[in-house]
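In listed order, ligands and their atoms are each counted from 1.
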Amino acid sequence: MKTKRSATTAAPADPCCLVIFGASGDLARRLLVPALYNLDAGGLLPEGFAIIGVARADKSEEVFRTELEGGLRHFAIGKVDDEIVRRLLNCVDYIGGDADDPATYQKLGKALTRVEGALDTHRNRLFYLATPPSEFAPIGRHLGETGLAHEENGAWRRLIVEKPFGTDLVSARALNRELLKVLDERQIYRIDHYLGKETVQNIMVLRFANGLFEPIWNRHHIDHVQITVGETLTVGNRGSFYDAIGALRDMVPNHLFQLLSLVAMEPPSRFEAHAVRSEKAQALDAIHVPHDSSVLQDTVRAQYTAAWVGDNEVEDYRRTKDVRPDTTTETYVALKLLVDNWRWAGVPFYLRTGKALKSRRTEVAIKFKQAPFAMFRNTPVDRLAQNFLVIGIQPDECIGLQFNAKVPGPVITISGVGMTFKYEDYFDAAPSTGYETLIYDCMIGDSMLFQRADEIEAAWRVVQPFLDAWRNAGPDGLAVYKAGSEGPAEADQLLARDGRRWRPIA
Ligand code: BG6
């Protein structure tokens with residue numbers, strides 16, 4: 001029996017007041033407050049800590065606290081400690097008001113003065129934008145105009161922005177410009193919750209803390225890379241949001257590109273925010289995409305049709321509530337991308353993500369080049385396993401290696417075998433919503449796990465030609481796949497054309 005290791009304890013974060021815009025929303029209830037609870041339970045919240053919730057509805061602090069407590073008890077992972085809940089809710093204030101109304105910020109200013117007089121928050125302020133994206137820029141502007149985000153006397157001001165950060169290159173650039181009028185880049189923390197996942201953070205450790213992988217991490221040894229984010233979830237009740245966005249915008253420039261950049265980046269000179277983010281941005285910048293309709297050859301977009309996902313009956317995407325009946329918005333996307341630099345020239349990165357698929361599976365699979373099998377000429381090729389290094393992100397948190405071995409016996413028979421490292425076998429994980437590390441890092445001023453303006457813009461630059469080509473193509477080329485399947489046949493053809501195939505989503 002192995003002894004499991006748990007995380008080394010860290011010091012509590014800096015004292016501060018956390019102002020959550022959109023405090024009555026789903027994100028705050030489901031993820032942020034449970035994450036704050038977990039941080040407190042782990043001794044990582046500072047003594048001087050307060051929360052001010054801001055949302056449109058006019059309600060009392062008492063009502064707001066009761067709502068938060070309800071959410072916390074519902075969404076907390078594991079048993080809830082009443083003492084921690086009491087301590088956390090004790091430092092909660094609430095302000096009702098419109099995000100674009102100057103009066104809201106006057107009330108907020110007064111609340112901050114009150115809180116900062118009563119608690120030793122060192123007057124540090126962390127503004128969390130958990131609102132619809134249309135409110136990001138107005139909130140930033142008001143925080144700037146009222147001086148609430150102005151740093152003075154050594155007190156810091158930081159801003160966390162949720163996704164989506166823009167809906168195309170132009171809007172992402174405009175949002176960056178707006179926020180950078182008010183705050184320095186070092187004060188802006190653009191969240192991608194994939195970077196809060198331990199398995200995602202571990203990609204860097206796997207690559208750079210081991211001498212084993214880096215020498216073969218290049219075009220001389222790697223045949224191609226597959227990045228899959230498969231979901232069984234349907235669009236459900238998010239119809240109006242999703243139909244305006246689609247799978248490409250919702251998942252690719254953020255989550256899938258975070259995975260891609262961690263796999264493709266050069267080793268940073270230091271393990272710190274500036275060095276790491278510069279290398280990630282460079283990797284994205286090296287992706288080559290033609291700016292004409294030829295991009296259509298390297299992409300597949302599709303919608304799910306009615307069928308079953310496990311035991312759940314799923315209706316056609318086009319029949320989903322708040323989705324246009326003739327919509328061409330994709331619920332599945334597959335792309336072939338080339339990272340045009342010395343390390344990766346000629347190595348395709350195949351990306352796919354979709355809703356209502358057969359299984360929930362997120363993984364990065366690195367396929368190594370085939371050995372020259374001349375020696376085993378008599379073994380049918382399909383009996384030889386492909387050499388894959390598979391980084392399982394979720395739900396299986398693991399790293400597996402597939403290779404060929406001899407089947408015991410007098411004749412040479414070859415069979416594919418595997419070795420797998422599972423996180424749960426080695427480590428005791430503290431309960432986590434995935435937001436704990438991100439909030440903590442922001443409170444200590446470490447922006448490594450957040451996206452810098454240039455990363456965001458580099459990602460949209462890659463995605464934009466696909467968006468443009470699809471818009472021009474309209475419904476032409478839009479494929480379909482049955483809910484509960486592994487995606488459209490066209491996605492299989494995308495790889496088959498290159499003599500390759502996807503790993504199963506099982
Ligand atoms: C969100 C998308 O950013 O990520 C959702 O908006 C998606 O559509 C979700 O379901 C997936 O996150 P996870 O952590 O469940 O893989």
Side-chain angles (χ1 to χ4, degrees), residues 22 25-28 30-32 34-35 75 77 128-134 136 160-167 172 190-203 227-260 262 301-304 309 312 314 317 320-323 327 329-333 351-364 391-398 423 429 431-439 449-451 455-456 459-460 463 483 487 505:
D26 209 40
L27 178 75
R30 232 164 25 93
L31 294 163
L32 302 187
F75 293 109
I77 305 163
Y128 198 123
L129 307 192
T131 60
S134 56
F136 295 166
I160 298 187
V161 192
E162 266 296 332
K163 79 173 262 279
F165 198 94
T167 52
R190 300 172 193 80
I191 270 206
D192 182 315
H193 79 274
Y194 263 54
L195 288 172
K197 295 181 194 286
E198 288 290 342
T199 40
V200 174
Q201 292 168 32
N202 193 42
I203 296 176
I227 301 180
T228 300
V229 180
E231 296 188 276
T232 48
L233 280 180
T234 62
V235 171
N237 53 15
R238 297 168 78 212
S240 64
F241 161 79
Y242 196 87
D243 203 40
I245 294 285
L248 178 64
R249 287 183 164 105
D250 189 35
M251 301 294 286
V252 175
N254 33 66
H255 309 327
L256 277 93
F257 277 6
Q258 284 304 322
L259 296 173
L260 183 151
L262 288 167
R301 58 182 171 137
Q303 289 176 344
Y304 61 80
V309 178
N312 297 323
V314 171
Y317 170 62
T320 309
K321 184 171 164 292
D322 300 329
V323 165
T327 180
T329 299
E330 75 293 351
T331 60
Y332 177 101
V333 58
L351 277 54
R352 65 180 161 167
T353 180
K355 300 270 184 215
L357 294 176
K358 182 175 176 192
S359 300
R360 176 170 181 249
R361 174 158 302 274
T362 298
E363 66 170 36
V364 175
I391 304 171
I393 307 291
Q394 62 191 21
D396 300 331
E397 302 187 316
C398 58
Y423 283 72
S432 165
T433 63
Y435 273 73
E436 290 76 2
T437 309
L438 297 174
I439 297 175
L449 297 178
F450 295 83
Q451 303 174 86
E455 277 181 84
I456 296 262
W460 280 115
V463 164
I505 304 185

Exercise. How far is atom 12 (O) of ligand 1 from its nearest protein heavy atom, and which residue and atom name does that atom have?
Worked result: His193 NE2, 3.1 Å
Exercise. Any donor-acceptor pair under 3.5 Å linking the side chain of Thr433 with the backbone of Tyr435?
Worked result: yes
Problem set entry | Nearest neighbour in protein (non-hydrogen) for atom 6 (O) of ligand 1 | Asp250 OD1, 2.7 Å
For this session: Carefully, step by step, assess Asp322 and Tyr242 under the rule side chain to side chain donor-acceptor pair (under 3.5 Å).
Result: CA-CA 9 Å; Asp322 300 329; Tyr242 196 87; over 6 Å; no
Exercise. Val314 pairs by side chain to side chain contact (heavy atoms under 4.5 Å, CB included) with which of Thr232, Thr320, Val309?
Worked result: Val309
For this session: Pick whichever of Lys197, His255, Lys355, Arg360 has a heavy atom sitting closest to atom 3 (O) of ligand 1.
Result: His255
Exercise. Looking only at distance, does Tyr242 have an N or O less than 3.5 Å from an N or O of ligand 1?
Worked result: no
Seminar exercise, completed: The protein heavy atom nearest to atom 7 (C) of ligand 1 is Glu231 OE2, 3.4 Å
For this session: Could you check whether the rings of His193 and His255 sit parallel, tilted or perpendicular, using 30° and 60° as the cut-offs?
Result: perpendicular
Exercise. Which ligand 1 atoms are under 4.0 Å away from a heavy-atom of Lys163?
Worked result: 1 (C), 2 (C), 3 (O), 6 (O)
Problem set entry | Per-residue contact class, Tyr194 against ligand 1 - non-hydrogen pairs under 4.0 Å | side chain
Exercise. Can you check whether Ala247's main-chain N or O pairs, donor with acceptor, with Glu330's side chain at less than 3.5 Å?
Worked result: yes
For this session: Verify side-chain contact (heavy atoms from CB on, under 4.5 Å) between Lys197 and Thr362, making sure each step is shown before the conclusion.
Result: CA-CA 12 Å; Lys197 295 181 194 286; Thr362 298; over 6 Å; no
